[in-house]
Structures are given as C-alpha cells and as structure tokens.
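Keep in mind it's a predicted model, so treat the numbers as computed, not measured. All residue numbers in this chain count up from 1 along the given sequence.
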Amino acid sequence: MKLFALALSAFALFSAPVFAQDSNGQMMENINEGAAPVNAEGVKFLSDFADCAASAQADKADQVLSEFPSSVASDKNLFNIAMRSKNCVPGGEKLRFSVRYLRGPIAEYLLKRDYDLADWKLKKKRVLIYAAPPNADLAEQNADVRSAVVFHEIGSCVVNADPSGVASLFQSARGSASEKAAFAGLSETLAGCIPPSVELRLSKFQLRGNLAEA
C-alpha cells in the first residue's frame with residue numbers, strides 16, 4: 001500500500017474564537033475569507049456551539065447534510081442556524097469564523113444521536129444525506145464544492161475500510177491523547193484512500209468533520 005503524506009494546514013484566525021459584532025455582513029465575510037478554528041480554544045468553542053445549536057434546532061440540523069458541502073445552500077442553512085442560536089454563546093457573542101465549519105461538528109452530533117458507535121446500529125431514522133453526483137455533474141460545481149465532495153468520498157473510503165477505527169475516533173474527546181492515537185491508527189487506511197492526484201490538506205478538526213459526515 002502506497003502511503004501519502006497527510007499535510008495539516010493552518011487557516012487564518014483572529015486572536016479569539018468569537019467576535020462581538022452582531023452582523024450578518026461580518027458572518028458572510030467570514031465565509032468568504034474561510035476563517036477556521038486552528039487552536040484548541042477555537043475548536044472547543046465551535047464544537048460546543050454546534051452541539052447546542054443542533055440540539056436546539058433539530059429540524060434545521062437534520063437538513064444540514066442534504067445539501068452539497070460548501071455550497072450556497074449549505075452555507076445559508078448553517079448561517080441561519082448560527083444566527084438563531086444566540087443563546088448558545090455567553091454574553092451575546094458571535095462566531096468570528098466561517099459558519100461553514102459548523103457542518104462537521106453538527107454531522108458528528110447527528111452521528112452520535114442516531115447511531116450506537118459500539119456496533120454502528122441505527123438508533124433512529126437517519127437524516128437525509130446528499131447524493132454524490134456523477135463526475136460530469138460534479139465538474140459543474142464550484143471549486144469549493146468539488147473539493148469538499150472529494151474529501152467526503154475519501155472519508156467514506158476510510159469509514160468502510162475501518163469502521164471500528166473511526167468509531168474509536170468519535171469516542172475520543174477533541175484534542176485528547178485518545179484522539180491523537182485514533183488518528184494515528186487511521187493514518188495508513190487514510191493514505192490508501194487518497195487518489196494519487198489529490199493532496200489532502202486538512203486540519204484534524206476538518207478531517208474529523210469529514211469522517212463524521214461520511
């Protein structure tokens with residue numbers, strides 16, 4: 001099995017994971033700039049926010065995975081969830097990174113809600129997942145959507161190849177030694193799932209989200 005290096009990329013983030021401006025324009029600007037959590041503080045804030053928002057807005061959360069990732073429709077749904085979740089952050093603060101990065105932790109919330117990770121048995125009817133488009137249709141999407149769909153296909157390959165290893169990942173806390181060990185255990189499987197023409201440049205936070213959605 002040929003191994004591929006997994007490059008973890010850092011994205012620009014301001015000094016704190018939240019901002020005090022209650023502005024639709026600011027949140028949309030964060031989407032355009034791709035501001036993502038890159039430290040433990042930001043990851044914890046976003047994960048906690050996603051859990052709270054998904055629990056409070058179950059109907060909207062159930063729709064998150066039905067649209068292409070990184071698409072306008074997906075971003076709009078996540079934006080609406082974020083704007084309606086003011087009670088999920090202290091002091092009326094708001095997200096200071098792209099709401100696009102809510103999708104991964106919301107997917108993890110739904111995964112843990114709907115499946116028993118010990119045996120992958122479905123506990124309730126699962127939510128609607130978008131159908132992977134044929135290559136011809138995928139080519140018509142923008143670059144962000146194309147990349148996200150490819151990354152999810154890689155995630156599906158990993159989940160199918162090592163479901164127990166993926167379960168171990170989601171049974172670990174973010175940033176913990178157990179999470180690090182789980183990623184290490186999946187590294188060879190992940191490397192074998194990456195097509196030769198694809199360079200996977202994702203943070204662990206993003207990779208975990210892709211695997212949750214897969």
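- Between Pro195 and Ile154, the closest side-chain pair of non-hydrogen atoms falls below 4.5 Å.
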**OP:** Applying side-chain contact (heavy atoms from CB on, under 4.5 Å), run through Glu199 and Ile194 and close with a yes or a no.
**Re:** CA-CA 8 Å; Glu199 182 180 11; Ile194 302 174; over 6 Å; no
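- Between Phe205 and Leu46 the shortest side-chain heavy-atom distance falls below 4.5 Å.
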Original post:
How far apart are the C-alpha atoms of Arg208 and Glu179, what are their side-chain angles, what is the distance that settles it, and do they pass the salt bridge (Lys or Arg N to Asp or Glu O under 4.0 Å) test?
Top reply: CA-CA 10 Å; Arg208 183 163 172 148; Glu179 183 192 53; 3.0 Å; yes
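- Across every non-hydrogen atom of Trp120 and Ser164, the tightest pair is NE1-N, 4.5 Å.
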Original post:
What do the steps show when you test Ser71 against Asp75 for side-chain contact (heavy atoms from CB on, under 4.5 Å), and what is the final call?
Top reply: CA-CA 6 Å; Ser71 66; Asp75 288 344; over 6 Å; no
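- The shortest heavy-atom contact between Val145 and Asn142 is N-OD1, 2.9 Å.
- Contact detail for Leu202 and Asn210: the closest heavy-atom pair is CD1-ND2, 3.2 Å.
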Original post:
What's the verdict on side-chain contact (heavy atoms from CB on, under 4.5 Å) for Val166 and Val158, showing C-alpha distance, side-chain angles and the deciding distance?
Top reply: CA-CA 8 Å; Val166 173; Val158 174; 4.0 Å; yes
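- Gln57 is linked by a side chain to side chain contact (heavy atoms under 4.5 Å, CB included) to Lys60, Ile81, Arg84, Ser85, counting only residues two or more places apart in sequence or in another chain.
- One finds the CD atom of Glu67 at 10.5 Å from the CG atom of Leu65 (value rounded to the nearest 0.5 Å).
- Side-chain contact between Leu211 and Leu186 is present, with at least one heavy-atom pair separated by less than 4.5 Å.
- The hydrophobic cluster containing Leu128 does not contain Leu122, counting ILVMFWY residues as joined when their side-chain heavy atoms lie under 4.5 angstrom apart, directly or transitively.
- Ser178 meets the side chain to side chain contact (heavy atoms under 4.5 Å, CB included) test with Ser172, Ser176; sequence neighbours excluded.
- Checked by atom type and distance alone, the side chain of Arg103 pairs as donor or acceptor with a backbone atom of Val64 at under 3.5 Å.
- The shortest side-chain heavy-atom distance between Tyr115 and Lys121 does not fall under the 4.5 Å cut-off.
- The heavy-atom pair separating Ala214 from Ser156 by the smallest distance is CB-N, 3.4 Å.
- Looking only at side-chain heavy atoms (C-beta outward), Ile129 and Val127 come within less than 4.5 Å of each other.
- Ser74 OG to Asp144 CG: the interatomic distance, rounded to the nearest 0.5 Å, is 11.0 Å.
- With sequence neighbours excluded, the residues forming a side chain to side chain contact (heavy atoms under 4.5 Å, CB included) with Ala148 are Pro69, Ser70, listed by chain and number.
- Judged as a salt bridge (Lys or Arg N to Asp or Glu O under 4.0 Å), and not counting sequence neighbours, the contacts of Asp62 are Arg113.
- Using a 4.5 Å cut-off on side-chain heavy atoms (C-beta onward), Tyr109 and Ser55 make contact.
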**OP:** Report the C-alpha distance between Ser203 and Gln206 in whole Å, list the side-chain angles of each, state the deciding distance to 0.1 Å, and finish with yes or no for side-chain hydrogen bond (donor to acceptor under 3.5 Å, both in side chains).
**Re:** CA-CA 5 Å; Ser203 67; Gln206 291 171 287; 3.2 Å; yes
Original post:
Please walk me through it: do Glu140 and Arg146 pass side-chain contact (heavy atoms from CB on, under 4.5 Å)?
Top reply: CA-CA 9 Å; Glu140 297 178 358; Arg146 293 198 301 270; over 6 Å; no
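- For Lys44, the NZ atom sits in a loose shell: 12 or fewer heavy atoms of surrounding residues, nucleotides or ligands are nearer than 6.0 Å.
- Across all non-hydrogen atoms, the minimal contact from Pro105 to Asp51 is O-OD1, 4.3 Å.
- Applying the ring pair (Phe, Tyr, Trp, His ring centres under 6.0 Å) rule to pairs touching residues 126-184 yields Phe68-Tyr130, sequence neighbours excluded.
- Between Lys204 and Lys180 there is a side-chain heavy-atom pair separated by less than 4.5 Å.
- Qualifying side chain to side chain contact (heavy atoms under 4.5 Å, CB included) partners for Asp116, counting only residues two or more places apart in sequence or in other chains: Ala118, Asp119, Lys123.
- Of all non-hydrogen atoms in Ala167 and Leu117, the two that sit nearest each other are CB-O, 3.5 Å.
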